[in-house]
Enquirer: 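My questions all concern the structure below.
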Amino acid sequence: MQVTIHEAKTQLSKLIAAAERGEEVIIARRDKPVVRLSMVEEFSGKTRIGGLKGRKFKMGDKFDDPALNAEIAKTFHIP
């Protein structure tokens, strides 16, 4: 369903309920879709800080490449 911003303001509770039921809710400005209202996925609780402890993983070959580091620094204006 697509609604205008004004309709979304006046019917927010109904739109949230629709999104919770799995319906697609689009909010439009002058008939141009700008926002999709969707339900937030619940946290499963399976991920935790330190979750990779004891597991092996591989860093990419360019992880600490000086040229790449310089490019990143330049992008973020870091001297």
Side-chain angles (χ1 to χ4, degrees):
M1 103 179 45
Q2 182 169 308
V3 297
T4 65
I5 293 174
H6 177 73
E7 291 170 320
K9 287 180 186 179
T10 60
Q11 301 177 17
L12 184 59
S13 295
K14 291 179 183 179
L15 297 175
I16 290 172
E20 288 177 323
R21 289 190 303 270
E23 294 180 39
E24 181 178 59
V25 179
I26 304 293
I27 301 174
R29 179 183 293 126
R30 295 184 187 94
D31 295 325
K32 180 182 176 189
V34 291
V35 175
R36 176 179 292 120
L37 185 63
S38 63
M39 189 169 61
V40 174
E41 294 182 29
E42 291 188 30
F43 177 65
S44 67
K46 294 180 182 178
T47 304
R48 62 181 177 80
I49 295 175
L52 291 176
K53 183 178 180 181
R55 294 185 180 183
K56 293 183 180 181
F57 63 97
K58 182 180 178 189
M59 300 297 246
D61 294 335
K62 291 189 174 186
F63 174 74
D64 203 21
D65 180 39
L68 182 58
N69 288 344
E71 184 178 332
I72 292 170
K74 181 179 176 185
T75 300
F76 291 100
H77 307 290
I78 299 171

Enquirer: So which atom in Ala19 and which in Val25 form the shortest heavy-atom distance, rounded to 0.1 Å?
Expert: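 Reported closest heavy-atom pair: N-CG2, 4.1 Å.
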Enquirer: Can you measure from NE2 (His6) to CD (Gln11) and round to the nearest 0.5 angstrom?
Expert: 8.5 Å
Enquirer: To the nearest 0.5 Å, what is the distance between CD1 (Ile27) and CG (Leu12)?
Expert: 7.5 Å
Enquirer: Can you give me the closest heavy-atom contact between Ile26 and Arg36, atom names plus distance?
Expert: CD1-NE, 3.8 Å
Enquirer: The test is side-chain contact (heavy atoms from CB on, under 4.5 Å); show your working for Asp64 and Met59 and say whether it passes.
Expert: CA-CA 9 Å; Asp64 203 21; Met59 300 297 246; over 6 Å; no
Enquirer: Give the minimum heavy-atom separation between Met1 and Glu23, together with the two atoms involved.
Expert: CE-OE1, 3.3 Å
Enquirer: Look up atom CZ in Arg21 and atom CE in Met39, then write down how far apart they are to the nearest 0.5 Å.
Expert: 11.5 Å
Enquirer: Which atoms form the tightest heavy-atom contact between Ile16 and Leu37, and what is the distance?
Expert: N-CD2, 4.1 Å
Enquirer: Following the transitive rule for hydrophobic clusters with a side-chain heavy-atom cut-off under 4.5 Å over Ile, Leu, Val, Met, Phe, Trp and Tyr, establish whether Val34 and Leu15 coincide in one cluster.
Expert: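 Cluster IDs for Val34 and Leu15 match.
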